[in-house]
Amino acid sequence: MMTSSNRPLAVITGATSGIGNVFARRLAASGHDLMLVARDEARLDAIAAELARAHGVRVEGVAADLSIDADIARVADRLRIESRLAMLVSNAGFGTRGTIETADPAGQARMLRLHVQATHELVHAALPGMLARRNGTIIVVASVASWSPTAGNVNYNATKVYQRMYCEALAHELVETGVHVQALCPGFTYTEFHDRLGSGRKGIPGWAWLPAERVVDESLAQARARGPVVCVPGKRFKLIVFLLKYAPWVLGSLRQRYRRDRLNVTPE
Ligand SMILES: NC(=O)c1ccc[n+]([C@@H]2O[C@H](COP(=O)([O-])OP(=O)(O)OC[C@H]3O[C@@H](n4cnc5c(N)ncnc54)[C@H](OP(=O)(O)O)[C@@H]3O)[C@@H](O)[C@H]2O)c1
């Protein structure tokens, strides 16, 4: 446990790359001690050393696979005893390829545990202390995909709906508690996500991508202002979400292209 510091503590899952890594950089720069969670221990150690050196804060890497029950419980136990816990960013996540029929069942099970079970258990562990202190911020990284059902993306879509709705409902429980919750719903963001997915950025036009820095800066600004629960970074994605909700046919050809790429089928 990190004891000899008065700085607020931020815990970020999936901090070794992409959106989580930018959260770590921004929160270290604004004077938070950090607990960074991901599977790759060497990468965690390198980031922890770099951020501690650059910002004079304490950074601890906790190697954990949050799709495994024992590791979820180990991280949750740490959250329960951290009396300086000011922010939890539940961000770790991944996509898969293939339909429900063809995708590797083990990968689908891992996604359900990471996006659903780990999200809930970490929030549940963070809340009692935050409520007692009447202070805290919880950010869960969901996705614009929570409004956009897509072939080849069934469990990803469904788990991202879970994460967004979890936050929207939780916000009703947290009114006037001093604890704020946000469902961060980015659109396509330059990270390692699509490289890990093995799809690259094929089929998605260049204008549709946001830098991770932009996503994180909008999220933190909205959270600091205690703004709306749902945060959709970027004007173009706010428009896309509006269209997905109220006029999905307008995005028909774009969504067809994306579907063909997801399913790896030749255009008709
Ligand atoms: N990029 C996009 O276009 C986009 C759009 C909307 C939403 N999102 C969401 O944004 C979040 C972050 O993704 P990203 O785009 O930043 O992707 P990324 O660059 O691939 O980062 C994913 C992070 O999650 C960690 N992680 C993956 N599986 C894990 C596990 N089982 N246990 C612990 N940590 C795990 C990875 O680290 P290790 O490999 O070291 O474990 C890595 O730090 C995800 O929830 C994703 O669904 C992304």
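Every number for a ligand or one of its atoms is a count from 1 in the order of the listing.
Using a cut-off of 4.0 Å between Lys/Arg side-chain N and Asp/Glu carboxylate O, Arg74 and Asp71 are scored as salt-bridged. A salt bridge links Asp69 to Arg113: one of the charged nitrogens lies within less than 4.0 Å of a carboxylate oxygen.
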Quick one: ligand 1 N/O to protein N/O pairs below 3.5 Å?
residue  : atom   : partner : partner atom : Å
ligand 1 : 1 (N)  : Thr189  : O            : 3.2
ligand 1 : 1 (N)  : Thr191  : OG1          : 3.1
ligand 1 : 3 (O)  : Thr189  : N            : 2.9
ligand 1 : 15 (O) : Thr191  : OG1          : 2.7
ligand 1 : 16 (O) : Ile19   : N            : 2.9
ligand 1 : 19 (O) : Ser17   : OG           : 2.7
ligand 1 : 19 (O) : Glu192  : N            : 3.1
ligand 1 : 20 (O) : Phe193  : N            : 3.4
ligand 1 : 20 (O) : Arg196  : NE           : 2.9
ligand 1 : 21 (O) : Ser17   : OG           : 3.0
ligand 1 : 28 (N) : Arg39   : NH2          : 3.3
ligand 1 : 31 (N) : Asp65   : OD1          : 2.8
ligand 1 : 32 (N) : Leu66   : N            : 2.9
ligand 1 : 37 (O) : Thr16   : OG1          : 2.8
ligand 1 : 39 (O) : Arg39   : NH2          : 2.9
ligand 1 : 39 (O) : Arg196  : NH1          : 2.8
ligand 1 : 40 (O) : Thr16   : OG1          : 3.1
ligand 1 : 40 (O) : Arg39   : N            : 3.4
ligand 1 : 40 (O) : Asp40   : N            : 3.1
ligand 1 : 41 (O) : Arg39   : N            : 2.8
ligand 1 : 41 (O) : Arg39   : NE           : 2.7
ligand 1 : 41 (O) : Arg39   : NH2          : 3.4
ligand 1 : 43 (O) : Gly14   : O            : 3.1
ligand 1 : 43 (O) : Thr16   : N            : 3.2
ligand 1 : 43 (O) : Thr16   : OG1          : 2.6
ligand 1 : 43 (O) : Ser17   : N            : 3.4
ligand 1 : 45 (O) : Asn91   : O            : 2.8
ligand 1 : 45 (O) : Lys160  : NZ           : 3.0
ligand 1 : 47 (O) : Tyr156  : OH           : 2.6
ligand 1 : 47 (O) : Lys160  : NZ           : 3.0

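The two residues Ala212 and Val22 make their nearest non-hydrogen contact at CB-CG2, 3.8 Å.
A side-chain hydrogen bond (donor to acceptor under 3.5 Å, both in side chains) check over residues 18-31, counting only residues at least two apart or in different chains, returns the pairs Asn21-Arg25, Arg25-Glu50, Arg26-Asp217, Ser30-His32. Counting only residues at least two apart or on different chains, the ring pair (Phe, Tyr, Trp, His ring centres under 6.0 Å) pairs with a member in residues 66-95 are Phe94-His115. The side-chain hydrogen bond (donor to acceptor under 3.5 Å, both in side chains) analysis of residues 165-185, with sequence neighbours excluded, yields the pairs His120-Tyr166, Arg164-Glu168, Gln182-Ser219.
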